[in-house]
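Step one of this worksheet: look at the structure below.
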Amino acid sequence: MMDLRDLYQDIILDHGRHPRNFGPLPDPSHLAHGHNPLCGDTVTIFVRLRDDRIAEVSFEGKGCAISTASASLMTEVMLNKTLAEAQALFAHFHTLATGGATGGLTGGAPGLPPGLEEEGDRLEPLAGVKAYPARVKCATLAWHTLEAAVRGGGTVVKTE
Amino acid sequence: MMDLRDLYQDIILDHGRHPRNFGPLPDPSHLAHGHNPLCGDTVTIFVRLRDDRIAEVSFEGKGCAISTASASLMTEVMLNKTLAEAQALFAHFHTLATGGATGGLTGGAPGLPPGLEEEGDRLEPLAGVKAYPARVKCATLAWHTLEAAVRGGGTVVKTE
Amino acid sequence: MSVLIQERPMVARADGGAFDPVVIRRQFPVFERNPGLVFLDTAASAQKPAAVIDGLAEYYRTDYANVHRGVYGLSARSTARFEAARERVARFLNAADASEIVFVRGATEGINLVAQAWGLAFLKPGDQVLVSELEHHSNIVPWQMLRDRLGIELVVAPIDAGGGLDLEAFAHLLTPRTKLVAMTHVANVTGGLVPVERVVDLAHACGAKVLLDGCQAVPRLPVDVRALDCDFYVFSGHKCYGPTGIGVLYAKRAVLDAMPPWQGGGDMIRTVTFAKTTYQDAPQRFEAGTPDIAGAIGLGLALDFMDGLGMAAIRDHEAALTDHARDALLAVPGVTLIGADGPGLGVVSFQVDGIHPHDLATIFDRHDVAIRAGHHCAQPLMDRLGVVATARASFGVYSDEDDVAALVAAVRAAQRLFGLTSAR
Amino acid sequence: MSVLIQERPMVARADGGAFDPVVIRRQFPVFERNPGLVFLDTAASAQKPAAVIDGLAEYYRTDYANVHRGVYGLSARSTARFEAARERVARFLNAADASEIVFVRGATEGINLVAQAWGLAFLKPGDQVLVSELEHHSNIVPWQMLRDRLGIELVVAPIDAGGGLDLEAFAHLLTPRTKLVAMTHVANVTGGLVPVERVVDLAHACGAKVLLDGCQAVPRLPVDVRALDCDFYVFSGHKCYGPTGIGVLYAKRAVLDAMPPWQGGGDMIRTVTFAKTTYQDAPQRFEAGTPDIAGAIGLGLALDFMDGLGMAAIRDHEAALTDHARDALLAVPGVTLIGADGPGLGVVSFQVDGIHPHDLATIFDRHDVAIRAGHHCAQPLMDRLGVVATARASFGVYSDEDDVAALVAAVRAAQRLFGLTSAR
Ligand SMILES: Cc1ncc(COP(=O)(O)O)c(C=O)c1O
Ligand SMILES: Cc1ncc(COP(=O)(O)O)c(C=O)c1O
């Protein structure tokens, strides 16, 4: 039996119960809604971009511990990142959570540009989800929604 | 193995190949079309009733040996019968061909009124069909069609 | 509860013994192959007894051929078995005639058939279809699609505070414009028994026809469509221990006779020319193409299996186990039941404070307890109850109090993992 | 013949041996259970190999649960197997993506889906659907129903004197009003191969979409939907050694994306409120309700079985046996072949002077030879050929020259019984 603690690490439970950056931004420059039709979970991501940099980011929604913790950790690591850095973190996270569906030779931290190592480490607790295929979408929902928000805004994203 | 000769008796083959009373009546008082949608066989029955008596009867159509012989034998036994006698013959034939679905304690000739014994005997060769459930409808098509003709006329009958 | 259900004489088990899930479970190979499995998702789909699995295989080995058109022996045998399955279903539902049984893929296809064949033919703009807040998406979406196509109205009867149908509100919503009432017999989220006899009486008094969704009822209680007097009844084979791919639409013969066909093809026609085609009578008119022959035969075997246990015995078992599960869950601090005020049959929905149902399901799975978490294809009901998702445990003939004990233990384990035990 | 068929590299048999129907037959339990059976009705439905029968049973025993919604292990396994079957079908047809594969009950449902979802959305009064005189009722009646509903026109491409599609006449019937060409790939009455590559080219040049009915083709030759470039392709699982209740609609992804749903229910929705419902992407949008999970998995096993033998080898076998059967039947005085001028695959229709096909089938059955007699769900073709019915023998991977010899012997026996031998 896979240890449930690999998935539900203390940091996940903590962020699940006490999400950081939770609640709407008063005046976001970008926003998107995400939705997992299989379980009904929803998330809204609020972003204020300034000069191609994520000056503020927050989220709101109803979800499980995994999706809430993933969104919360995401907002922490994304704060003050340039869009290019955000893209690199997204790719890194995707590999982490899915076991490498987007490529990357190592399971660990493929292609994280120098300077983002610390952010990579902070996302590590989310790696446990890849052993739970039915839950991967819980972890990726907020990330896909953020991507949609900064790319255009206003789109409804879904993960299935 | 059931002997095919029980079904394809000489009298059946003969009537199948050389049907009696084949071809339209010039001026029928009653007429009906019959159709077996499973195989595409068709039959038309022509009747001239005079004083509740079948003064003339003929048939036309495309069908197998069983359906053609059954129609041919039917026209022979029905000629000059009253409608009541025709009804009795119909009931008798139905029991003969289906093995008694309409009742009758004996498999043979239930309730044939006196005076129709000879007709009953002439239909006997059709009894072989009841061992071939897939073919019963071939045998009954003409009979159902005749019944529809004298009851109203103009109806299309089907057996399935 | 007995006022809500059709009573039939108690059917003794084939072996004359008591209803013992431990013994019954031995007839289900899945439990041998998956030792330790606590399967509590029968409402989504039931496991299959060996009689069904082996009977299906045996049919393919000995009697298989296409039906209805062959003169040869194998085809005649196959046809006889297929039509015997139709008779079997008719007997099981106490339908007046086998011709009232239309084989479909499942309840969903059955409802779509009614919406698209009966609905398109008989409904006019302004007519109303009345459903309830308890419905599965399968009994909502087809009517919405029809609404958007025809300009009819979809009216929704609310639930009461206890999570059951509000019968008084329902009665008030019936008007001469109500042409069809489409309602579940047993609710798939809550297990709640809907008083369908009253629903049918009230609807008929108003001139409306009634469709009952029996997906969760047929596996759990004796159903008598003639006593119910409903116009349509649908259910899915896979939820009552039968194979996937097969289900049933029952409709009164006069109703079927008046309906145009829905799908065109082989077997449902009488004559075809390019100019004009004429159709068969019911039920063939509604079964275009080669049917799921093995599925129908397998469904017949599943009904044999259930009747062998006795539907009254099954109902009593499901009711008792449901009551027990409700009590056992409520005894755990932090657990809330959803819509469990009225009589319930085979299904318990619940929530655990501080743990999302999705997390519960994952944690339970690691304890070999299989439940469902989510909206259970009933998003409108979720919205009405103000929840995003629930955890749902559901029972079958193989479920027993040990399964409930495992469920409760899993809840406690989840609470420990989430550090919630000391909170109380 | 090779110009008509997509060539693939010859696939060696799994055991490396030659294609030997006697050996293959041992994998089909029906022949063990029915010793002496000469089964010549594979075009109506194929018998099932043990790999399919046992694989189905094994799935129910070990991995069964409903798909797509469960978090627990059993459901995840079941979902993985179901979706792997979709990938399997995609690979078998060489589709670009598994999302282009929609599971349906069979070819008939697939065609009805296209007629009622694509047709209702995209056809206008005056538009034309072009079929051929060779079609099965399943590829006629859905278009007639659509014609009567929408006021479109149904145009019929004639056959030539040899019983094949008259390609020149077909080309002349194409107009800018032709929006869809719906045509069989291999004709079910005659076994005739339709030059579908030319049909697709000509139709596309005219701006029409093309639906191919692959019911008789998929069991008999390598099919590559991307090389064919057809827009829709349908087939039935039960005709290619798979279970009943399952079939496939392939459509190009862009075509599926543009189509509205047909049936409503669970699994095909994204969000549901009583006011408004949003739908999933293809293929889920077209799979309302619980699918025939076991059927899809069984179909995957059947495709494995066929690929194990090699589709090129199967094609060569069917072609050679068909040629042999045509020759052997023609050598019997009084026998006429129907529509057998062109290349044929797996099906031979014939008549015997002085004996109705129905009588032939009964007599053959007493000699353990199972054939079909009737209109084969192709009444318009029968009318065109000026016959009421034909006798039809059709072959599968288990058929061989001994079966043909038994068929010929049965013809002679029928002639003797009818006293027709001395007539020549
Ligand atoms: C060419 C053709 N099209 C369509 C069909 C219909 O297939 P099904 O009855 O499996 O839907 C058949 C078989 O009966 C066929 O041979
Ligand atoms: C009450 C109810 N109705 C309809 C359905 C749909 O059944 P199916 O998916 O078998 O068509 C279900 C099961 O999912 C159900 O529980």
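Below, read A as the first sequence line, B as the second, and so on, with proteins coming before strands; counting in each chain starts at 1. Any value given below was found using the heavy atoms of this structure, including those in side chains, with hydrogens, waters and symmetry copies removed.
- Between D/H137 atom NE2 and C/D267 atom CG the span is 10.5 Å, to the nearest 0.5 Å.
- C/G266 and D/C377 get closest at one heavy-atom pair: CA-SG, 4.1 Å.
- Contacts between D/A115 and chain C at a heavy-atom distance below 4.5 Å are absent for every atom of the residue.
- Ranked by heavy-atom pairs under 4.5 Å with chain D, the list C/K239, C/R147, C/E133 is led by C/R147.
- Neither the backbone nor the side chain of C/I363 comes within less than 4.5 Å of any heavy atom of chain D.
- Contacts between C/P291 and chain D at a heavy-atom distance below 4.5 Å involve the backbone alone (N, CA, C, O).
- When each of C/H375, C/R149, C/M268 is scored by its heavy-atom pairs under 4.5 Å with chain D, the top score falls to C/R149.
- Heavy-atom distances place the backbone of C/V104, and not its side chain, under 4.5 Å from chain D.
- With a 4.5 angstrom heavy-atom cutoff, D/T62 touches chain C via backbone and side-chain atoms both.
- Looking at C/F28, neither its backbone nor its side chain comes within 4.5 Å of chain D, counting heavy atoms on both sides.
- With a 4.5 Å cut-off on side-chain heavy atoms, C/S45 and D/T290 do not count as touching.
- For chain C, no part of D/A107 is nearby; none of its heavy atoms comes within less than 4.5 Å.
- You'll find the side chain of C/Y64 stays beyond 4.5 Å of the side chain of D/R33, heavy atoms only.
- Neither the backbone nor the side chain of C/A50 has a heavy atom closer than 4.5 Å to any heavy atom of chain D.
- If you tally non-hydrogen atom pairs under 4.5 Å between each of D/L154, D/I371, D/D383 and chain C, the highest count goes to D/I371.
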| request: Run the numbers on D/N34 and C/R61 for side chain to side chain donor-acceptor pair (under 3.5 Å), then give the verdict. | output: CA-CA 9 Å; D/N34 296 272; C/R61 283 189 202 110; over 6 Å; no
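- Using a 4.5 Å cut-off between heavy atoms, C/W262 touches chain D through backbone and side chain atoms alike.
- With contacts defined as side-chain heavy-atom distances shorter than 4.5 Å, the pair D/Y279/C/M145 qualifies.
- Counting only N and O atoms by type, the side chains of C/Y72 and D/T362 include no donor and acceptor under 3.5 Å apart.
- The list of salt bridge (charged side-chain N to carboxylate O under 4.0 Å, His left out) pairs with a residue in residues 284-298 of chain D, not counting sequence neighbours, reads D/R86-D/E287.
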| task | Would you check, one step at a time, whether the test side chain to side chain contact (heavy atoms under 4.5 Å, CB included) holds for D/Y60 with C/V30? | result | CA-CA 7 Å; D/Y60 277 129; C/V30 73; over 6 Å; no
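- For D/V52, no part lies near chain C; criterion is any non-hydrogen pair under 4.5 Å.
- Residue contact with chain C, scored on non-hydrogen atoms closer than 4.5 Å, involves the side chain of D/L120 exclusively.
- Here CZ of C/F274 is found 4.0 Å from CD1 of D/I140. Values are rounded to the nearest 0.5 Å.
- Residue contact with chain C, scored on non-hydrogen atoms closer than 4.5 Å, is absent for D/P260.
- Chosen from D/E135, D/R372, D/E32, D/Q144, the residue pairing most often with chain C at heavy-atom distances under 4.5 Å is D/Q144.
- D/L56 is not listed as a side-chain neighbour of C/L56, based on a closest heavy-atom distance of 4.5 Å or more.
- Using a 4.0 Å cut-off between charged side-chain N and carboxylate O, D/E109 and C/R105 make a salt bridge.
- When all heavy atoms of C/A361 and D/V71 are compared, the closest pair comes out as CB-CB, 3.8 Å.
- Using modelled atom types, one side-chain atom of D/N112 and one backbone atom of C/G264 make a donor-acceptor pair closer than 3.5 Å.
- For D/Y59, no part lies near chain C; criterion is any non-hydrogen pair under 4.5 Å.
- Not one N or O on the side chain of D/Q263 forms a donor-acceptor pair closer than 3.5 Å with the backbone of C/P142.
- Contacts of D/V67 with chain C are absent, with no heavy-atom separation under 4.5 Å from either backbone or side chain.
- When atom types are taken as modelled, the side chain of C/D365 and the backbone of D/G73 share a donor-acceptor pair closer than 3.5 angstrom.
- Atom NE2 of C/H238 and atom CD1 of D/I293 lie 7.0 Å apart (nearest 0.5 Å).
- With hydrogens and angles disregarded, a donor-acceptor distance shorter than 3.5 Å links the side chain of C/T244 to the backbone of D/A294.
- D/Q379 places a side-chain N or O within donor-acceptor distance of the main-chain N or O of C/V272, the cut-off being under 3.5 Å.
- Interface residue C/T271: backbone and side-chain heavy atoms are both found under 4.5 Å from chain D.
- Of the listed residues (C/A296, C/A44, C/A373), the one with the most heavy-atom contacts under 4.5 Å to chain D is C/A44.
- Ranked by non-hydrogen atom pairs under 4.5 Å with chain C, the options D/H376, D/Q116, D/H136 are led by D/Q116.
- Listed options D/G295, D/P243, D/S138 were ranked by heavy-atom pairs under 4.5 angstrom with chain C; first place goes to D/S138.
- For C/D54, the part lying under 4.5 angstrom from a heavy atom of chain D is the side chain only.
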